[in-house]
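Only a predicted model underlies this, so the values are computations on that prediction, with no experimental measurement involved. Here, residue 1 is the first one in the sequence, and each next residue gets the next number.
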Amino acid sequence: MTAAPLRIGNFSGFYGDRADALREMLTGGELDVLTGDYLAELTMLILGRDRLKDPSAGYSRTFLRQLEDTLGLAHERGVRIVTNAGGLNPAGLADAVRVLADRLGIPVRVAHVEGDDLGARHPGSLTAHAYLGGFGIAACLREGADVVVTGRVTDAALVTGPAVAHFGWSRTDHDRLAGAVVAGHVLECGTQATGGNYAFFRDGDVRRPGFPLAELHADGSSVITKHPGTGGFVDVGTVTAQLLYETGGARYAGPDVTARLDTVRLTPDGPDRVRIDGVRGEAPPPDLKVGRTRLGGFRNEVTFVLTGLDVEEKAALVQGQMEDAFAKSRPHDVTWDLVRTDQADAGTEETASALLRLVVRDPEQAVVGRTLTGAAIELALASYPGFHVLAPPGKPSPYGVFEAAYVPQSEVPHTAVLPDGRRVPVAPVDETLALDAVAEPPLPEPPPAGRPSRRAPLGLVAGARSGDKGGDANVGVWVRTDEAWRWLAHTLTVDLFQQLLPESADLPVTRHALPHLRALNFVVEGILGAGVASQHRFDPQAKALGEWLRSRHLDIPEDLL
């Protein structure tokens, strides 16, 4: 236990992230801990399907490939590695790391965390895993582990665990834990904190952003930065964007603490440095979230290309023909989307064309197989003029469904398996607090009326970042000046949001104001159906929902443009 700052870096934000990031972070500057986040709702489904084929699978093999080239370097530099790459089989990955270390001749102590797998309690699920906190990771690190492998923990737990071990925090150090959770949330998606996927990407060179790191202090405050000489940039905007990613209201709940996002304060701390402080925490809720995935059935699709004149009539013709073909065996779910990408008097055939997308789903594979492919192919010489498709329909593919459940913390056997093989139970929290809505915070005075305005895209004034949580999506919107905040806070209501994004018009939408961040966070319930794996809409993870909002036009005061 020490009061010295803890330097924690990130080398992976998802399963498939940049392979050389682990080496880049180890060689780029001083670090104490490196974290790798590999898990998401879709990833759990993918790993579940892997495990069906091979019971010894279920973890990220790409992590092992990264480690083969860098384990010796991490050992030499004394950098500990904490990762959730264990997925559904943390014990299996821990064993594989030991085998790798023995083969390379590197004396590495490996531990893992388990207890998250609740599949036995949820029959019919492909996977069912509780989101654990960071105290199991801390137990492993306190016992000298160099590499800690976990299964399903919260993304921020990869940071709270090392912080607890380093600073000796207790379960009731809520403010400090909350500060670590906020830092962990900024780091968890890798380069999204250093200019990746950033609304104002033209503010810097983001062709190859470096990965972020946090200098975490004993009081829970931190500085977000990156290694010198790496690409991208860190400023208040990039950190704000990541703070808003995949969040809801002011209370950001987790198994260790509930962090109050409405208390977060961001201040510049020099080039590529942003200080986070003021974070307040509360006791966590009594229940742990459980993410369940299951196979929902099979899907197939075909996209018809409609070129030139009479696009809507052509679409109606082929849609009617396909519906006739479904008369004997209609799929459970049939969705048509006409995307008007065509331009009048176009200079190329592609820009003269619109796309008509047909997606079908059914519990039975055969219903979305030959029924679709045969009907679409048979129309090749018997439908609208210029008939062709982007690609012939293929074999049906399985799709997944994500569902959330909750279980009391005391019913989850959170266990740290130490480097010497000892199994140490991790006690659940004693103090909990049920989640409740936060009262609407005071907003600034409305801007004066009558200012000259003009019709323009929202994105000229505001940034946005959006993402998925199960079947819901969030859209965080922020501005960079106090005057712009006065306008945004009183202009972008739920009603206007739904007008600008008509897909949300018939869905429940909740607005949360975060004045310290000059931000509004909108949660749209049900827009993603049964979650990303169900491929419910064109953008199944709502990654670009915020950019669509920024492209919409409204009346904006000229002095803000």
Both conditions, 6.0 Å and 45 degrees, for the charged tip of Arg361 above the ring of Phe298: are they met here?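 Output no; distance or angle outside limits.
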Walk me through it: do Leu514 and Leu244 pass the test side chain to side chain contact (heavy atoms under 4.5 Å, CB included)? CA-CA 10 Å; Leu514 299 168; Leu244 294 171; 3.8 Å; yes
Pro286 and its side chain to side chain contact (heavy atoms under 4.5 Å, CB included) partner, picked from Val407, Thr432, Leu435: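 Single pass found, and it is Thr432.
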Among Thr150, Val148, Val149, whose side chain to side chain contact (heavy atoms under 4.5 Å, CB included) with Cys140 holds?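 So, applying the side chain to side chain contact (heavy atoms under 4.5 Å, CB included) to Cys140 and each of Thr150, Val148, Val149, only Val148 qualifies.
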[X] versus [Y]: any side-chain heavy-atom pair under 4.5 Å?
X	Y	result
Gln409	Pro284	yes
Tyr252	Arg260	no
His227	Leu31	yes
Leu67	Leu100	yes
Val412	Leu132	yes
Val164	Leu177	yes
Leu433	Thr258	no
Leu6	Phe167	yes

Please determine if [X] and [Y] form a salt bridge, counting it only when a charged side-chain N lies under 4.0 Å from a carboxylate O.
X	Y	value
Arg208	Asp20	yes
Glu24	Arg18	yes
Lys469	Asp472	no
Arg7	Asp32	no
Arg103	Glu68	yes
Asp256	Arg171	yes
Glu301	Arg299	yes
Arg423	Glu114	yes

What distance separates [X] [atom1] from [Y] [atom2], expressed to the nearest 0.5 Å?
X	Y	atom1	atom2	result
Arg80	Ile8	CZ	CD1	11.5 Å
Thr160	Phe135	OG1	CZ	7.5 Å
Leu141	Ile137	CG	CD1	7.5 Å
Asp95	His112	CG	NE2	7.5 Å

Sole candidate of His129, Glu41, His122 that passes side chain to side chain donor-acceptor pair (under 3.5 Å) when paired with Arg292: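 Going through the options one by one, the only one that passes is His122.
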Spell out, as yes or no, whether a donor-acceptor pair under 3.5 Å connects the side chain of [X] to the backbone of [Y].
X	Y	answer
Asp173	Trp169	no
Asp116	Arg152	yes
Ser221	Ile276	no
Asp155	Glu188	no
Thr191	Phe211	no
Ser60	Ala85	no
Arg465	Gln192	yes
Thr70	Gln66	yes
Thr83	Gly36	yes
Lys226	Thr230	yes

Indicate the atoms forming the closest heavy-atom contact of [X] with [Y], along with that distance.
X	Y	value
Arg251	Glu282	NE-OE1, 2.7 Å
Val524	Ser504	CG1-CB, 3.9 Å
Pro540	Phe538	CD-O, 3.2 Å
Ala163	Ala180	CB-CB, 4.3 Å
Val234	Ile224	CG1-O, 3.6 Å
Gly237	Tyr198	CA-OH, 3.2 Å

Over 60° means perpendicular and under 30° means parallel, so tell me whether Phe11 and Phe63 are parallel, tilted or perpendicular.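 The rings of Phe11 and Phe63 lie parallel, inter-plane angle below 30°.
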Assess whether side chain to side chain contact (heavy atoms under 4.5 Å, CB included) is satisfied between Val153 and Tyr131, documenting all intermediate values. CA-CA 5 Å; Val153 296; Tyr131 289 72; over 6 Å; no
Do other residues, nucleotides or ligands put more than 12 heavy atoms under 6.0 Å from the [atom1] atom of [X]?
X	atom1	result
His516	NE2	yes
Glu364	CD	no
Asp420	CG	yes

Can you list the steps and then say if Arg265 with Asp277 is a salt bridge (charged side-chain N to carboxylate O under 4.0 Å, His left out)? CA-CA 5 Å; Arg265 294 184 182 273; Asp277 60 13; 5.9 Å; no
What's the verdict on side chain to side chain contact (heavy atoms under 4.5 Å, CB included) for Thr27 and Arg23, showing C-alpha distance, side-chain angles and the deciding distance? CA-CA 6 Å; Thr27 58; Arg23 171 168 285 276; 4.3 Å; yes
Set out, in order, the CA-CA distance, both residues' side-chain angles and the distance that settles side chain to side chain contact (heavy atoms under 4.5 Å, CB included) for Leu507 and Glu525, then state yes or no. CA-CA 6 Å; Leu507 299 172; Glu525 298 178 32; 5.7 Å; no
Going through the checks in order, is the side-chain hydrogen bond (donor to acceptor under 3.5 Å, both in side chains) test met by Asn10 and Asp37? CA-CA 8 Å; Asn10 172 278; Asp37 183 7; over 6 Å; no
Using side-chain hydrogen bond (donor to acceptor under 3.5 Å, both in side chains), reason through Asn474 and Ser466 one step at a time and then give a plain yes or no. CA-CA 5 Å; Asn474 88 292; Ser466 55; over 6 Å; no
